Undergrad: 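Take a look at this one; I'll ask things after.
If you're wondering where the values come from, they're calculated on a predicted model, not measured in any experiment. Heavy-atom basis, side chains included; hydrogens, waters and symmetry copies ignored.
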Amino acid sequence: MNWKWLLTTAEPRSRYVLLVAIGVVLMMSLSYPVWYPGGRGMAAFAAIAAVILSHISAKSIMRK
């Protein structure tokens, strides 16, 4: 696995940031019924997972 590709941002950065931001907002809104009753800890876990998934999604979208 190419770790350098996975751990760096994509170019152009403005498009990458936009894709990640949209992904995080979408994933947090879709998972609201799960993390809201769980409290702060569950919300933090959901936010970290959303950022990681959005990063990977944005990188794969921009790779094509």
Undergrad: To the nearest 0.5 Å, how far apart are OG in Ser60 and CH2 in Trp5?
TA: 6.0 Å

Undergrad: Listed by chain and number, what are the ring pair (Phe, Tyr, Trp, His ring centres under 6.0 Å) partners of Phe45, not counting sequence neighbours?
TA: none

Undergrad: Is it the case that one hydrophobic cluster holds both Val17 and Val20, taking links as side-chain heavy atoms less than 4.5 Å apart, direct or via other members?
TA: yes

Undergrad: Which distance, rounded to the nearest 0.5 Å, do you find between the CZ of Arg40 and the CE of Met42?
TA: 15.5 Å

Undergrad: Can you tell me how far CG of Asn2 sits from OG1 of Thr8, rounded to the nearest 0.5 angstrom?
TA: 8.0 Å

Undergrad: With a 4.5 Å heavy-atom cut-off, do Tyr16 and Met62 have their side chains touching?
TA: yes

Undergrad: Spell out, yes or no, whether Leu6 and Ile48 are grouped together once hydrophobic residues are joined by side-chain heavy atoms under 4.5 Å, including indirect joins.
TA: yes

Undergrad: Using 0.5 Å steps for rounding, measure from the CG atom of Leu26 to the CG atom of Leu53.
TA: 12.0 Å

Undergrad: Within this structure, what is the CD-OG1 distance for the pair Glu11 and Thr9, rounded to the nearest 0.5 Å?
TA: 5.5 Å

Undergrad: For Ser31 and Met27, work out which heavy atoms get closest and say how close.
TA: OG-O, 2.8 Å

Undergrad: If you measure from CD1 on Ile52 to OG on Ser57, what distance do you get to the nearest 0.5 Å?
TA: 11.5 Å

Undergrad: May I ask whether Leu30 and Ile22 are part of the same hydrophobic cluster, defined by side-chain heavy atoms of I, L, V, M, F, W, Y residues being less than 4.5 angstrom apart, directly or through others?
TA: yes

Undergrad: For the residue pair Leu19 and Lys59, establish whether any side-chain heavy-atom pair is separated by less than 4.5 Å.
TA: no

Undergrad: Can you say whether the rings of Tyr36 and Tyr32 are parallel (under 30°), tilted (30 to 60°) or perpendicular (over 60°)?
TA: parallel

Undergrad: Keeping the roles fixed (side chain from His55, backbone from Ala50), state whether a donor-acceptor pair exists under 3.5 Å.
TA: no

